[in-house]
Amino acid sequence: MTHLNLAESLSILPLPDTLQHEVRYLFTDVDDTLTWQGKLPSQTLLALEQLAAAGIQVVPVTGACAGWCDCMVRTWPVTAVIGENGAFWMQKNVQGQIETHYRLAEPQRTRQYQQLREIQQQLLQRFPFARATADQAYRETDIALDIRQQHHNTPDEVEQLRQALEAAGLHARISSIHINAWRGDYDKASTALAWLEAQGEPTEHWLSKTAFIGDSANDAAMFDQFTLTFGVANIRHCLATLATQPKYITQQEGGFGFNEVAQRLLK
């Protein structure tokens, strides 16, 4: 089946040559949306620089750990980074210093994190195929299981882990490489809206100037929230699980698909 026929069958439009838009904020997933096969393509980094130069503020919205988010906001041409599935955002202040804005206050974060690590250890003992992510030590608010990064689980194993996490009373979201789990009344979309409000204008004034691009089931809340949305080509494997699908789909995968969207926005 061709990209075009697939898009038509799912009521998703292929990415047009030009887009009429007023976008000033582009939220984007990171793993397998900005990156591809574990690396950031040079075309993608250039696209981020071009978007920033054109006045389009890019904000990665990711399940990545706080340590990775700190690196991104310091070294990438982005305005802010929303991390650990909405637990916080990091942004440089006018002095160039990194400030972290958490959705939950201390000591609740510390108490919950200790509880989450206990649950994680129980699952690792219960399921011989379960593996903690290599970046767990750099997380502050959630636990993560490696399902397709350094270890590879079958779909049945992934579903067993998801059900176990939810049975423990946690939010559990499946990305292209991890299962992330946390406690707290937030997700990617609610924190994206909180970040928009923190920019000084009511959110409803900015929704028409906002777009999102993603690749997996843990982006569902973002596809639900925003109207101008894009899926990179590798999202096809999970489209059937999304209640709200992206409006457009790219021809290329990962960061190469992100670059397609960037060039349309830059036109």
Taking [X] for its side chain and [Y] for its backbone only, find out whether a donor-acceptor pair lies under 3.5 Å.
{"X": "R236", "Y": "A233", "answer": "yes"}
{"X": "T241", "Y": "C238", "answer": "yes"}
{"X": "R109", "Y": "L104", "answer": "yes"}
{"X": "Q136", "Y": "A144", "answer": "yes"}
{"X": "E22", "Y": "S208", "answer": "no"}
{"X": "H151", "Y": "A130", "answer": "no"}
{"X": "Q149", "Y": "T133", "answer": "no"}
{"X": "Q245", "Y": "L239", "answer": "yes"}
{"X": "D146", "Y": "Q150", "answer": "yes"}

[X] side chain near [Y] side chain, heavy-atom distance below 4.5 Å:
{"X": "L207", "Y": "L193", "result": "yes"}
{"X": "W76", "Y": "L40", "result": "yes"}
{"X": "L26", "Y": "F258", "result": "yes"}
{"X": "I143", "Y": "L165", "result": "yes"}
{"X": "R103", "Y": "T141", "result": "no"}
{"X": "F127", "Y": "L145", "result": "no"}
{"X": "I119", "Y": "R183", "result": "yes"}
{"X": "L45", "Y": "P77", "result": "yes"}

Rounded to the nearest 0.5 Å, how far apart are [atom1] of [X] and [atom2] of [Y]?
{"X": "L265", "Y": "T18", "atom1": "CG", "atom2": "OG1", "answer": "11.5 Å"}
{"X": "Y113", "Y": "E118", "atom1": "OH", "atom2": "CD", "answer": "12.0 Å"}
{"X": "E84", "Y": "T191", "atom1": "CD", "atom2": "OG1", "answer": "11.5 Å"}
{"X": "M222", "Y": "K188", "atom1": "CE", "atom2": "NZ", "answer": "7.5 Å"}
{"X": "I179", "Y": "R173", "atom1": "CD1", "atom2": "CZ", "answer": "12.0 Å"}
{"X": "T210", "Y": "Q225", "atom1": "OG1", "atom2": "CD", "answer": "9.5 Å"}

Q.
With ring pair (Phe, Tyr, Trp, His ring centres under 6.0 Å) as the test, pick out the partner of W195 among F88, Y25, W206.
A. Y25
If every non-hydrogen atom of [X] is compared with every non-hydrogen atom of [Y], which pair is closest and at what distance?
{"X": "S176", "Y": "D215", "result": "CB-OD2, 3.5 Å"}
{"X": "W89", "Y": "A198", "result": "CZ2-CB, 3.8 Å"}
{"X": "V81", "Y": "M72", "result": "CG2-CB, 3.9 Å"}
{"X": "Q263", "Y": "Q50", "result": "NE2-OE1, 3.1 Å"}
{"X": "I235", "Y": "G214", "result": "CD1-O, 4.0 Å"}
{"X": "T44", "Y": "L34", "result": "CG2-O, 3.4 Å"}

Tell me whether [X] shares a hydrophobic cluster with [Y], the cluster being built from Ile, Leu, Val, Met, Phe, Trp, Tyr side chains joined at under 4.5 Å.
{"X": "Y186", "Y": "M90", "answer": "no"}
{"X": "F230", "Y": "W36", "answer": "no"}
{"X": "L266", "Y": "L48", "answer": "yes"}
{"X": "L124", "Y": "V158", "answer": "yes"}
{"X": "I177", "Y": "I82", "answer": "no"}

**Q.** Given D32, I249, T250, T33, the one that forms side chain to side chain contact (heavy atoms under 4.5 Å, CB included) with N234
**A.** D32
Among side-chain atoms of [X] and [Y], is any donor-acceptor pair under 3.5 angstrom?
{"X": "Q163", "Y": "E159", "value": "yes"}
{"X": "Q120", "Y": "R117", "value": "yes"}
{"X": "N218", "Y": "S216", "value": "yes"}

**Q.** side-chain contact (heavy atoms from CB on, under 4.5 Å) assessment of D219 paired with F212
**A.** CA-CA 9 Å; D219 295 320; F212 172 70; 3.7 Å; yes
Counting only heavy atoms from other residues, nucleotides and ligands, does the tally under 6.0 Å from [atom1] of [X] exceed 12?
{"X": "D185", "atom1": "CG", "answer": "no"}
{"X": "Q95", "atom1": "CD", "answer": "yes"}
{"X": "Y138", "atom1": "OH", "answer": "no"}

Q: Identify whether the distance between the nearest side-chain nitrogen and carboxylate oxygen of D17 and K267 falls below 4.0 Å.
A: no
